[in-house]
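Just below is one structure, and these are the notes that go with it.
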2 protein chains.
Amino acid sequence: MSTAPTVYDVAERSGVSIATVSRVYRNPDSVRAQTRERVLASARELGYVPSGNARGLASRSTGVLGLCFPDYSDPDAESEAETGAGDEADDDAAMLYSDQIIRGMERAARRHGYALLIAASLKGGPESQLAKVAGRVDGFAVLARTVPTEDLDVISRRQPVVMLAGPRESDDLDHLDHIETANTDGQRELTRHLIEDHGLRRLAYIGAEESPDVAARFRGHAEACRAAGVPVSDAPDLRVAMMTQAEGARATDELLDRPGPRPEALLFANDQMAVGALHTLERRGVRVPDDIAVTGFDGIALSRLVRPTLTTVRQPMRRMGEEAVELLVRRLTGQQGKEPVSMMLPVSPTRRESCGCT
Amino acid sequence: MSTAPTVYDVAERSGVSIATVSRVYRNPDSVRAQTRERVLASARELGYVPSGNARGLASRSTGVLGLCFPDYSDPDAESEAETGAGDEADDDAAMLYSDQIIRGMERAARRHGYALLIAASLKGGPESQLAKVAGRVDGFAVLARTVPTEDLDVISRRQPVVMLAGPRESDDLDHLDHIETANTDGQRELTRHLIEDHGLRRLAYIGAEESPDVAARFRGHAEACRAAGVPVSDAPDLRVAMMTQAEGARATDELLDRPGPRPEALLFANDQMAVGALHTLERRGVRVPDDIAVTGFDGIALSRLVRPTLTTVRQPMRRMGEEAVELLVRRLTGQQGKEPVSMMLPVSPTRRESCGCT
DNA sequence: GTGAAAGCGCTAACAC
DNA sequence: GTGTTAGCGCTTTCAC
């Protein structure tokens, strides 16, 4: 792995100038075939590969798009741990959000000739992965709430940034492009379904604290309740810290142990919690959906694997990745005006067994 | 997006030299706190982010690892298309190999402070994605048969490269590090199970042409047959071009229509084909596993979703990604000797319904 | 603790 | 077609 050969080495070995070597790689047709072959030959002999760094520096573009997402490793490990024996589903069947988005972005990036740089953002500060990614790509997407707002603000001044999933955080970031899913619409429809089609009226909503996504979903829930004349509080009936299976299981116990009539339906702000609830309910001998309905949100693979299968709202994460890339590419090619773009992707309420359908 | 601010801008604005600005980002402690704050402040005001390219050029390292994988988009689209209505499983539940490997690599890379650059390799030539990736990373992994051997040969002279899945191709690449799974062992055990535990003797093996993985798997199959005195040919009973569901379905028809006694078991070289076979068998009214056993290979998520659930051999793709990163990092830090490493990861034969178990 | 200066390997005018 | 010459923005000795 001594020192990598450079244009100079190749130029010297093939008796041309470095400019010609460069041309062979950038625009082969601008070099006489014979010369080109000679250059390519010595490049091969030397083991020459153009330095992406030097190229990027000189040409001011990298041909790479990026994605920053939250460090899910902890919650993930946790959910794996408490899933318990016999249920390997979480381990490899469950595609995380980030996986889906990565896939979508990679596909779209490929179509446009870009590669994809991915990194989970750990710590903040100047040493953050965010800065690293930002410094190495032509533009990138960030999963909402992954990084401090102010950092994004700074970075978005020098390159296109698109925020994914999760509403606009504040007016400060109003100049950022932004793609979200129809959280409110999806939850409103699901709640309406429970009320009108299944005749349920005692609904309990469970979500995390301080999550804009949860807030949007709860808003839809509340709207549907009010529209149907069903009582609903101003906030979720129960708030958890992390939206994991463990927390969903615990929340279910707490809800069932509360005095007063048992809820007819448990509406969770995500699938993971709903799955945890399913476990708890089975343990307690409460039948789903006969005794109580359960719904989730997201449409993760696991939602189709559990029994009963989970009624949920599917989010088009893959498409979100694709749209993000399309938008970035448009920005980079100047096809997109100055105005910030705000896009809302439709979701798909999916009725399965846990609400009493089928 | 005008022109991005540089060290010079920050230096000037904060009244220090560019060296100091650089130090603030590389080694904050080597700068007096007061100076540091001043620099950071103007950086923030200017919207400064260090250029990864310039950094990489000057320091000769990128802090990025790479992965090149084959362009699966065609086969994937195909399998999605023919899956037909009502079966959305393929669409978002099925994690592809590459997804699993990406996840494994990303996790491991993160632990070591690296980001991950991923790219599907399309065309060959100097313009290939391979060269692009190679030029932008400190080291990378390649899914077997993704790129021409000679290209790898050249590149591996200047940076660590590890081949994933699939045996050594040739002696030319003997100096490359290499991680594979125990294809032969896994298939041998599965075939043995069918013969000894289920008493089956008329086995048909279906695999692709020219795939080293298939060759290794078939080898295990043949060994198990011979060890049990079961007749077996020198090659798979049927060879397909692509290992898709469609081909698996077609192959099943062909096999069942052949004259002579019907096979007691269909052993496919991957899960996708086996799933296709399941569809065909159901259509023809052949019961699985009562009338015929079916097995796959890989352990994709879909294998657990189909009915009957598919007996298969699970490959630890995620772990493969992790091991690849560990190996690359060891190479980069000089912790790994000069000798090429060759690693074989164990697989997990997984007995489910389609072979008659459970 | 901070500054000055010499590259890192390539691209992009601009000449020839 | 091909060569010359400046940088691109940073890191890195080596002085001070």
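We name chains A, B, ... by the order of the sequence lines, and we start the count at 1 in each one.
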message = Would the distance check show the side chain of A/R136 and the main-chain N or O of B/G52 forming a donor-acceptor pair, the cut-off being under 3.5 Å?
response = yes
request  = Name all residues meeting the salt bridge (Lys or Arg N to Asp or Glu O under 4.0 Å) criterion together with A/R44; count only those two or more places apart in sequence or in a different chain, and write none if there are none.
outcome  = none
request  = Sort and list the pairs that fulfil ring pair (Phe, Tyr, Trp, His ring centres under 6.0 Å) and have at least one residue in residues 143-166 of chain B, not counting sequence neighbours.
outcome  = none
task = Using salt bridge (Lys or Arg N to Asp or Glu O under 4.0 Å) as the criterion, list what pairs up with A/R111, not counting sequence neighbours.
result = A/E326
Shortest non-hydrogen contact between A/V49 and B/G135, atoms and distance = CG1-N, 4.1 Å
note = ring pair (Phe, Tyr, Trp, His ring centres under 6.0 Å) filter on B/F140, not counting sequence neighbours, yields none
request  = For DNA chain D, determine which residues of residues 9-16 of chain B have any heavy atom closer than 4.0 angstrom to one of its atoms, and list them numerically.
outcome  = none
task = Please name all residues satisfying salt bridge (Lys or Arg N to Asp or Glu O under 4.0 Å) with B/E322, sequence neighbours left out, ordered by chain then number.
result = none
Contact state string [nucleotides 8-16 of chain C, B base, S sugar-phosphate only, - no protein heavy atom under 4.0 Å] = BBBBBB---
May I have the list of side-chain donor-acceptor pairs in residues 16-23 of chain B shorter than 3.5 Å, sequence neighbours left out?
unit_1	atom_1	unit_2	atom_2	d
B/S17	OG	B/A19	N	3.3
B/S17	OG	B/T20	N	3.4

ask   = Can you name the ring pair (Phe, Tyr, Trp, His ring centres under 6.0 Å) partners of B/Y114, sequence neighbours left out?
value = none
ask   = Can you pull the contact range of chain A along DNA chain D, 5' to 3', using atoms under 4.0 angstrom from its heavy atoms?
value = D/dG1 to D/dG9
request  = Rounded to 10°, tell me the angle between the two end axes of the helix from C/dG1-D/dC16 to C/dC16-D/dG1, each built from five pairs.
outcome  = 20°
query = Are the side chain of A/Q159 and the backbone of A/V137 linked by a donor-acceptor contact shorter than 3.5 Å?
reply = yes
key: Which residues share a salt bridge (Lys or Arg N to Asp or Glu O under 4.0 Å) with B/R13, sequence neighbours left out   = B/E45
task = Using modelled atom types only, decide if a donor and an acceptor are shared between the side chain of B/D138 and the backbone of B/L65 within a distance under 3.5 Å.
result = no
